[in-house]
Enquirer: 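Can you keep this structure in mind? I'll have questions shortly.
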Amino acid sequence: MKREEALFLVKKQLTEHRYQHTLGVMETAVHLAKVYGADAAKAELAAIFHDYAKFRPKEEMKQVILTQNMSKDLLIHHSELWHAPVGAYLVQLEAGVSDEEVLDAIRYHTSGRPGMTLLEKVIYVADYIEPNRQFPGVEQVRELAEKSLDQAMVKALQNTIIFLMKKNQAVYPVTIETYNSLVLN
Ligand code: DGI
Ligand code: FE
Ligand code: FE
Ligand code: FE
């Protein structure tokens, strides 16, 4: 699928703010793909579609999780986690994206997973550091991302876990497992 067609399809799903974020992720993901030798075309496509399901009603996402045999564990955790796996499903169904590597990059862009592929890491980090992001610690991850994608992953996961814990929120086990797998590596 061409960039323009993908952007056209995704724009209708998002707010203007989230669309601008998507453009930032696209630009950053292509940059990181070139730096680390990932497939830039796949990185671009995954980035464009990564937040496709962000604004779907919770009830619709819940039904997809239940009917498509996704982890039931998702449902006891924050609904912010749902748009990633549900997005992978809907992008295939509604936009006709069939590349499993691209779909996995969408599927794991929020939690990560142990043993992430290069493309998955590119999308995870690009989502975290794209130019419109401004939160404490993002500049450090931007700098790390130019040197080591894994170090950028570790710091982004650490920040996310600490952020959730400070708010007394639960941390999705896969997020912790992703962190552990990178640190133990
Ligand atoms: O969709 P985005 O805002 O671009 O970013 P995202 O998909 O990476 O993350 C969405 C939200 O999910 C973000 O506010 C952080 C949160 N999140 C990430 N990992 C976990 C989590 N929330 C909980 N409760 N548990 C997690 O493990
Ligand atoms: Fe997201
Ligand atoms: Fe993210
Ligand atoms: Fe995002």
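In what follows, residues are counted from 1 in the order of the sequence shown. Order of listing sets the numbers, starting from 1, for every ligand and every atom in it.
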Enquirer: With heavy-atom distances below 4.0 Å as the criterion, list the atoms of ligand 1 near Thr160.
Expert: 18 (C), 19 (N)
Enquirer: Are Trp82 and Ile65 packed together at the side-chain level, in the sense that at least one heavy-atom pair is separated by less than 4.5 angstrom?
Expert: yes
Enquirer: Please work out, at 4.0 Å between heavy atoms, whether the side chain, the backbone, both, or neither of Ser111 comes within that distance of ligand 1.
Expert: neither
Enquirer: Show which atoms of ligand 1 fall inside a sub-4.0 Å distance from at least one heavy-atom site of Leu81.
Expert: 19 (N), 20 (C), 21 (C), 25 (N), 26 (C)
Enquirer: Ligand 1 versus Arg18, non-hydrogen atoms closer than 4.0 Å: side chain, backbone, both, neither?
Expert: side chain
Enquirer: Which ligand 1 atoms, with their elements, are less than 4.0 angstrom from a heavy-atom of Arg133?
Expert: 2 (P), 3 (O), 4 (O), 5 (O)
Enquirer: Does Lys42, at its NZ atom, have more than 12 non-hydrogen atoms belonging to other residues, nucleotides or ligands within less than 6.0 Å?
Expert: yes
Enquirer: Can you sort out which atoms of ligand 1 are near His109, meaning under 4.0 Å from one of its heavy atoms?
Expert: 7 (O), 8 (O)
Enquirer: Return yes if a side-chain donor-acceptor contact under 3.5 Å exists between Glu146 and His31, otherwise no.
Expert: yes
Enquirer: Should we say atom NZ of Lys72 is surrounded by more than 12 heavy atoms from elsewhere, each under 6.0 Å from it?
Expert: yes
Enquirer: For atom 25 (N) of ligand 1, which of the options Val25, Thr175, Asn132, Leu164 provides the nearest non-hydrogen atom?
Expert: Leu164
Enquirer: Could you list all the side-chain hydrogen bond (donor to acceptor under 3.5 Å, both in side chains) pairs where at least one residue sits in residues 18-27, not counting sequence neighbours?
Expert: Glu16-Gln20, Arg18-Asp51, His21-His50, His21-Asp51, His21-Asp127, His21-Glu130
Enquirer: Report, in ascending order of atom number, the atoms of ligand 1 lying under 4.0 Å from any heavy atom of His83.
Expert: 1 (O), 7 (O)
Enquirer: Are Glu5 and Lys2 within salt-bridge range, i.e. N to O under 4.0 Å?
Expert: no
Enquirer: Taking just the N, O or S atoms of Asp127, which one is nearest to the Fe ion (ligand 4)?
Expert: OD1
Enquirer: Looking only at N, O or S atoms, find the one in Asp51 nearest to the Fe ion (ligand 2) and name it.
Expert: OD1
Enquirer: Determine whether the side chain, the backbone, both or neither of Asp127 has a heavy atom under 4.0 Å from any heavy atom of ligand 1.
Expert: side chain
Enquirer: For ligand 1, is any non-hydrogen atom under 4.0 Å from Ile161's backbone (N, CA, C, O), its side chain (CB onward), both, or neither?
Expert: neither
Enquirer: Give a yes or no answer on whether the side chain of Tyr36 reaches the backbone of Leu149 with a donor-acceptor pair at less than 3.5 Å.
Expert: yes
Enquirer: Among Glu80, Lys167, Glu130, which residue places a heavy atom closest to atom 16 (C) of ligand 1?
Expert: Glu80
Enquirer: Specify whether an N/O/S atom of His109 falls short of 2.8 Å from the Fe ion (ligand 2).
Expert: yes
Enquirer: Applying a strict under-4.5 Å side-chain criterion to I, L, V, M, F, W and Y, I'd like to know whether Leu45 and Val122 cluster together.
Expert: no
Enquirer: Apply salt bridge (Lys or Arg N to Asp or Glu O under 4.0 Å) to Arg56 and list each qualifying residue two or more places apart in sequence or on a separate chain.
Expert: Glu60, Glu94
Enquirer: Quick one: are Leu118 and Asp39 in side-chain contact, heavy atoms under 4.5 Å?
Expert: no
Enquirer: How does His77 reach ligand 1, by side chain, by backbone, by both or by neither, if only non-hydrogen atoms under 4.0 Å count?
Expert: neither
Enquirer: Taking only heavy atoms of His78 into account, list the atoms of ligand 1 that are under 4.0 Å away from them.
Expert: 24 (N)
Enquirer: Salt bridge or not for Arg113 and Glu177, using N-O below 4.0 Å?
Expert: no
Enquirer: Which atoms from ligand 1 have a heavy atom of His21 less than 4.0 Å away?
Expert: 4 (O)
